[in-house]
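Notes to accompany the following structure.
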Amino acid sequence: MKEDFLLSRLAQRQAQHALRELKLPAPHMVDFCSNDYLGIARSAAMQEAVHTLLMERPYMHGSTGSRLLAGNYAWIEEAEQNLAAFHAAPAGLIYNSGYDANVGLFSCVPQKEDTVIYDQLIHASIRDGIRLSRAQAFSFLHNDVADLEKKLQRATGNVFVAVESVYSMDGDMAPLKEMAAACEKAGAHLIVDEAHATGVVGEQGEGLVQALGLAGKCFARVHTFGKALGCHGAIVLGSDELRKYLVNFSRAFIYTTALPPTAVAAIMASYNLFPYMTEARTHLAALITRFRQATHTLQVLPSETPIQIVLTPGNEFTRRQAAALQSANLDIRPILHPTVPKGQERLRIVLHSFNTFEEVDQCANMLMC
């Protein structure tokens, strides 16, 4: 079988110092790269909570089908109701991943005659969903409310504005109050992806939308479980009507096997844990302050979140920087073009509640060398 067309593209990526490869985590290294912000994924408390929930009721390891066929069950609907209540939403629908949730939402809600306006740094899953919708779509400058307002004036049909509360490759937060006001004035529907805020933003980790009192201003919110919550899946929150609509029209929901009860047990176990992890969030905030004070002379992007970004322009240079840190047992990964724009290559340093001040100091000292 001839696969030259594959080899040529791989060779091109290799020449750009941008070839991606899978790596196994090294257990002896200090974790500065995972999205397990609160350490829930590795915690004994999480394992015990999941085990307890599974022992409380009979379950199968598999879900046996899609939710519309044999795969629906009482526990997953109970979870949706509980999560919607926690996040101050009328209803919610669980998807198998954050990617599925965004593709499933954006591919079916906006129609051909509608408009989607999205932040230029929006996640790839949302971009993919928008493309499938066939709606008119254009971006606005990152976190720029004035540019968003200009773009809203050009929009036609039902208008949807897509933003993230915390951006995974920059670590900054969206100015949601101003954006919500702009959407309300223009009659647009605000959709917020809370993937990197869930668990760490807000007094109980409820996310930026609720922390700002904006739950009633959003058409939809997406909370994913694979970051700070330490498990897998996602939920789309919105009205009862939105939930019914997604059940009927969202292909990413309709045509996939449901999450099994074991996954739902992990989701519920995490929601029984993270709202009460105040001490972990306090320590994490202290680590963020410590890191930013120690690296203030570097090109560090503004961020009050666990995601700290040090700009290191050039793929090759960024790879070398990451390799030096890894040789010191600090697991920090390079973020290269084309994941980020050329000249914006970076080290993405993720802080966790289980990191120590000494580990953060070591990292900062090496970066300053």
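Side chains are part of it too, since the values below use all heavy atoms of this structure and drop only hydrogens, waters and symmetry mates. Numbers here simply count residues along the sequence, with the first being 1.
Residue E359 holds its CD atom at 9.0 Å from CG of L287, rounded to the nearest 0.5 Å. For the atom pair CG (L347) and CD (Q299), the distance works out to 11.5 Å, reported to the nearest 0.5 Å. The CG atom of N355 sits 9.5 Å away from atom CG of L330, with the distance rounded to the nearest 0.5 Å. Once rounded to the nearest 0.5 Å, the distance linking OG1 of T52 with CD of Q47 reads 11.5 Å. Summarising the geometry, atom CD belonging to E3 is positioned 11.5 Å from atom OG belonging to S8; distances are rounded to the nearest 0.5 Å. Interatomic distance, Y73 OH to I76 CD1, rounded to the nearest 0.5 Å: 4.0 Å.
Below 30°, between 30° and 60°, or above 60°: for F354 and H352 the angle between ring planes is below 30°, a parallel geometry. Using bins of under 30°, 30° to 60° and over 60° for the plane-to-plane angle, the ring pair H87/H223 lands in the parallel bin.
Side-chain atoms of S125 and D128 form no donor-acceptor pair, as typed in the model, at a separation below 3.5 Å. A donor-acceptor contact under 3.5 angstrom links the side chains of D172 and H142, judged on distance only. Side-chain atoms of R20 and T339 form a donor-acceptor pair, as typed in the model, at a separation below 3.5 Å. No hydrogens or angles considered: nothing links the side chains of H123 and Y99 as a donor-acceptor pair under 3.5 Å. Of the N and O atoms on the side chains of T312 and Q321, not one donor lies less than 3.5 Å from an acceptor on the other residue.
In this structure, V161 and H189 have side chains that are not in contact, with every pair of non-hydrogen atoms separated by 4.5 Å or more. Two residues are said to be in side-chain contact when any heavy atoms from C-beta on lie closer than 4.5 Å; K150 and D147 meet this criterion. In this structure, E345 and I335 have side chains that are not in contact, with every pair of non-hydrogen atoms separated by 4.5 Å or more. Annotation: side chain of Y271 is not in contact with side chain of N82 (no heavy-atom distance under 4.5 Å). Contact of the I307 side chain with the D170 side chain is not registered, since no non-hydrogen atoms from C-beta on lie closer than 4.5 Å. Here the side chains of N329 and H28 are in contact, with some heavy-atom distance below 4.5 Å. A heavy-atom distance below 4.5 Å is not found between the side chains of L132 and F106. Side-chain contact between Y167 and S303 is absent, with no heavy atoms from C-beta onward closer than 4.5 Å.
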Step-by-step salt bridge (charged side-chain N to carboxylate O under 4.0 Å, His left out) determination, R42 to D31:
CA-CA 12 Å; R42 65 188 66 202; D31 182 1; 2.8 Å; yes
### Message
Between Y118 and F140, does the ring-ring contact (aromatic ring centres under 6.0 Å, His included) criterion hold? Intermediate values first, please.
### Response
CA-CA 6 Å; Y118 58 93; F140 65 93; 8.0 Å; no
Point to revise | Steps toward side chain to side chain contact (heavy atoms under 4.5 Å, CB included) verdict (F225, L83) | key: CA-CA 11 Å; F225 314 139; L83 271 55; 3.5 Å; yes
Between D193 and I126, is the side chain to side chain contact (heavy atoms under 4.5 Å, CB included) condition met? List the steps.
CA-CA 9 Å; D193 183 339; I126 295 176; 4.1 Å; yes
Should N72 and E77 be marked as a side chain to side chain donor-acceptor pair (under 3.5 Å) after you check the CA-CA gap, both sets of side-chain angles, and the distance that decides it?
CA-CA 8 Å; N72 200 35; E77 292 198 351; 2.8 Å; yes
Q.
Before you tell me yes or no, could you show the steps for T156 and E113 under side chain to side chain contact (heavy atoms under 4.5 Å, CB included), namely the whole-Å CA-CA distance, both residues' side-chain angles and the distance that decides it to 0.1 Å?
A. CA-CA 7 Å; T156 57; E113 64 274 12; over 6 Å; no
- Would K112 and D114 satisfy salt bridge (charged side-chain N to carboxylate O under 4.0 Å, His left out), going step by step from the backbone distance to the final call? CA-CA 6 Å; K112 191 174 181 180; D114 296 335; over 6 Å; no
*Stepwise side chain to side chain contact (heavy atoms under 4.5 Å, CB included) check, N143 with M179*: CA-CA 9 Å; N143 279 348; M179 288 176 167; 4.0 Å; yes
TODO: Could you please spell out the steps behind the salt bridge (charged side-chain N to carboxylate O under 4.0 Å, His left out) verdict for R243 and E80?
DONE: CA-CA 10 Å; R243 185 180 188 276; E80 288 168 338; 2.6 Å; yes
Please lay out, stage by stage, how F357 and F291 fare under the test ring-ring contact (aromatic ring centres under 6.0 Å, His included).
-> CA-CA 9 Å; F357 288 114; F291 178 84; over 10 Å; no
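Just one residue in the list T198, I40, V50 forms a side-chain contact (heavy atoms from CB on, under 4.5 Å) with S270, and that residue is I40.
Y95 and V103 are not part of a single hydrophobic cluster, where members link through side-chain heavy atoms under 4.5 Å apart. Residues Y276 and L284 do not share a hydrophobic cluster, defined by chaining ILVMFWY side chains whose heavy atoms lie under 4.5 Å apart. Both M55 and W75 are part of a single hydrophobic cluster, where members link through side-chain heavy atoms under 4.5 Å apart. Hydrophobic clustering of Ile, Leu, Val, Met, Phe, Trp and Tyr side chains at less than 4.5 Å, counting indirect connections, unites L105 with V247. In terms of hydrophobic clustering, with Ile, Leu, Val, Met, Phe, Trp and Tyr side chains grouped at heavy-atom distances under 4.5 Å, I309 and L336 are assigned to different clusters.
Between the Q344 side chain and the L311 main chain, no donor and acceptor come within less than 3.5 Å of each other. Looking at R292, its side chain never comes within 3.5 Å of a backbone N or O of Q308 through a donor-acceptor pair. Using modelled atom types, no side-chain atom of R281 and backbone atom of S353 make a donor-acceptor pair closer than 3.5 Å. In this structure, R346 contributes its side chain and M169 its backbone to a donor-acceptor pair below 3.5 Å. S139 contributes no side-chain N or O that, together with a main-chain N or O of Q120, makes up a donor-acceptor pair within less than 3.5 Å. Between the side chain of N248 and the backbone N or O of Y245, no donor-acceptor pair lies under 3.5 Å. When atom types are taken as modelled, the side chain of R319 and the backbone of G314 share no donor-acceptor pair closer than 3.5 angstrom. In this structure, T64 contributes its side chain and A70 its backbone to a donor-acceptor pair below 3.5 Å. With Q210 contributing its side chain and G202 its backbone, the two residues share no donor-acceptor pair below 3.5 Å. Looking at T295, its side chain never comes within 3.5 Å of a backbone N or O of L298 through a donor-acceptor pair.
Heavy-atom minimum distance, S165 versus A197: OG-CB, 3.3 Å. Summarising the geometry of D240 relative to A91, their closest heavy-atom pair is OD1-CB, 3.4 Å, with the distance given to 0.1 Å.
The local environment of NE2 in H296 is sparse, with at most 12 non-hydrogen atoms from other residues, nucleotides or ligands closer than 6.0 Å. Under a cut-off of 6.0 angstrom, the local environment of CD in E304 is sparse, with at most 12 non-hydrogen atoms contributed by other residues, nucleotides or ligands. Applying the 6.0 Å contact sphere to CD of E48 captures no more than 12 heavy atoms from other residues, nucleotides or ligands. Counting heavy atoms of neighbouring residues, nucleotides and ligands inside a 6.0 Å radius, atom CZ of R320 exceeds 12 of them. Counting non-hydrogen atoms of neighbouring residues, nucleotides and ligands closer than 6.0 angstrom, the CZ atom of R9 reaches no more than 12 such neighbours.
Cation-pi contact between R154 and F138: present, with separation from the ring centre below 6.0 Å and deviation from the ring axis of at most 45°.
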